[in-house]
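Accompanying notes for the structure given below.
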Protein chains: 2
Amino acid sequence: MTDAQFSVIERMPTYRLVFNAVQNEILSGRLGIGERLPSETALADQFGVNRSTVREGIRLLEESGLVTRKGGGRPRVALPHYLDLASRASRALILHSVTFRELWEAAVIIEQATAEYAASRITPEHLERLQENIDRMAAMVARVEADEPINVDDFVAIDAEFHDIISEGANNRVLALAREPVSRLFIPAGRIILPRLRTHRRVLDAHMLIRDALAAGDATRVRDWMRRHMEDFKRGYDRTGLAIDMPLDAVALGHATD
Amino acid sequence: MTDAQFSVIERMPTYRLVFNAVQNEILSGRLGIGERLPSETALADQFGVNRSTVREGIRLLEESGLVTRKGGGRPRVALPHYLDLASRASRALILHSVTFRELWEAAVIIEQATAEYAASRITPEHLERLQENIDRMAAMVARVEADEPINVDDFVAIDAEFHDIISEGANNRVLALAREPVSRLFIPAGRIILPRLRTHRRVLDAHMLIRDALAAGDATRVRDWMRRHMEDFKRGYDRTGLAIDMPLDAVALGHATD
DNA sequence: GATTGTTGAATTGTCCGACAAGTTGACAAT
DNA sequence: ATTGTCAACTTGTCGGACAATTCAACAATC
């Protein structure tokens, strides 16, 4: 009754073979990071294929991040930065219509853990950058409270930067990778909440409390304030009237084209 | 004294313009998911460029996941699955020489949270799959304890599958995205630990306890057992004598070529 | 009626050859 | 030490070409 099961036959196109071949050279270290790739004609000769085919293979490498073409011209071998993947990840999540609930649940976990690790590892240099960040935000809050207009995007960017600095301070690249796409998706949400509810002062206060706890190296206090900060954000979202289980749809895009 | 600051001039190559143009068509919905891309010649005419140029642009789309060429041939518009990014993410992490400590710290956080959410959301269907998974693992453990040889890769795969099922049960795609690269990097580590320490029985016991707690919907118990399970793993790693702050180097690769 | 051939048009994969624009590196001039 | 010049090399883009596949519609068969 049951038909026999066959595994899919796949005959890769040549340009993909080129891609794999060069990729292996890079991953195995025979082509070092920063080195210039052999010229297209050289590769074409070496592989015994046409230059056009090599070019298509190189495009794959380019998009996969193993090769960058700085400025105008010569492509170099690069090691793809893990955070570069974040933009694609957040794009994929939006296309899959993830909800604010999913986003927030993940964020509250990751941000808390990040902050907690940071408490014992953050350096004076990071604390200084946090202070500088807070100063900038304080200036904007002052303007808001004087009813002067501010640029919402700038405020949100400063907010995001604060959390990014803590992420650096946590000194864990795996966690940073997990955090990045989440953090990016938060930005459009922030853009919606802030101007409607004018929660600027609350954000600033929370940041200062977190900074203090970090400076004191008090992990549980850091964790606790971060949690409250995140819950505040969720309350803000709730109060905008946006349904928490609605997808973060295309509104969130905006700077789609890299 | 200070030189004037100029913003970088960027002149994109044409193939990249093609990439952006088609990408926008897709993201804006004018090109629907599953639809076939216009033919290369059609695109070339439309953009007023050569077919070769269009092809290079399509390679970028291909690698970025917005277009797939099923089996042999015709490219279709696809929405990139977020989990597909994971292989690239783990590759990037390995190239950056992340340490087992970083990996484990992230994993313990994410797995705990995932399991905890799963406690209140997991479906009978998922519980059934967990049971089936446990049965398979039990069979292997029995063979190990009878000193019969087993395939380590199979055991590790079953282990990973157990955690994947829970991740599905947690019903949070953002968390699943964050979890995936971490989970993948754990696999090679598991391959090292298991055969050396023969911890198969311990793993199975932990899985059964977690399954029971999930079935009972007891979030704190789930969380607790998952934490212990993860800590067990770390102890296992410690006892292999591998330094926790050493990078997970190329050993972890192995199936590099997609 | 559903599966299995047939056939012809459309499309992809690959190749070749060509050329303008730009980059690189060496060397000369200021 | 910066600036100018020049030749060799590369990349980006173009045009045309052809075999191999895939697709869709239709015919044939059980």
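In the text below, chain A, chain B and the rest are named by the order of the sequence lines, each starting its count at 1.
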Within the structure shown, what part of the strands sits under 4.0 Å from A:S52 by heavy-atom distance: base, sugar-phosphate, or nothing? base

Please determine whether a side-chain nitrogen or oxygen atom of [X] lies at a distance below 4.0 Å from atom OP1 or OP2 of [N].
{"X": "B:N50", "N": "D:dG15", "result": "yes"}
{"X": "B:T14", "N": "D:dT13", "result": "yes"}
{"X": "B:R69", "N": "C:dT11", "result": "no"}
{"X": "B:R59", "N": "C:dG13", "result": "yes"}
{"X": "A:R55", "N": "D:dT11", "result": "no"}

Where do A:V174 and B:E105 land on the side-chain contact (heavy atoms from CB on, under 4.5 Å) test, with the steps shown first? CA-CA 8 Å; A:V174 180; B:E105 283 178 357; over 6 Å; no

Between atom [atom1] in [X] and atom [atom2] in [N], what is the gap in whole Å?
{"X": "A:L43", "N": "D:dT11", "atom1": "CG", "atom2": "P", "answer": "9 Å"}
{"X": "A:F47", "N": "C:dC15", "atom1": "CZ", "atom2": "C1'", "answer": "17 Å"}
{"X": "A:R76", "N": "C:dT23", "atom1": "CZ", "atom2": "C1'", "answer": "12 Å"}
{"X": "B:E40", "N": "D:dT13", "atom1": "CD", "atom2": "P", "answer": "16 Å"}
{"X": "B:D45", "N": "D:dG15", "atom1": "CG", "atom2": "P", "answer": "10 Å"}

Please figure out whether A:R36 or B:L37 has its closest DNA chain C nucleotide nearer the 5' end.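 The 5'-side residue here is B:L37.
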
Any side-chain heavy atom of B:L177 sitting closer than 4.5 Å to one from A:L93?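 B:L177 reaches A:L93 side chain to side chain.
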
Sidechain N-carboxylate O distance under 4.0 Å for A:R59, A:E62: yes

Which nucleotide, C:dT14, C:dT24, C:dT11, lies nearest any side-chain atom of B:R51?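 Within the option list, the nearest is C:dT14.
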
What's the closest nucleotide to the A:T41 side chain, out of C:dT14, D:dT10, C:dT12?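 Nearest nucleotide to the side chain: D:dT10.
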
Yes or no on side-chain contact (heavy atoms from CB on, under 4.5 Å) for A:L37 and A:V67, after CA distance, side-chain angles and deciding distance? CA-CA 8 Å; A:L37 222 54; A:V67 153; 3.9 Å; yes

Would you find a donor on one side and an acceptor on the other, under 3.5 Å apart, between the side chain of B:T114 and the backbone of B:I110?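 Yes; judged by distance alone, with no hydrogens or angles, the pair exists.
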
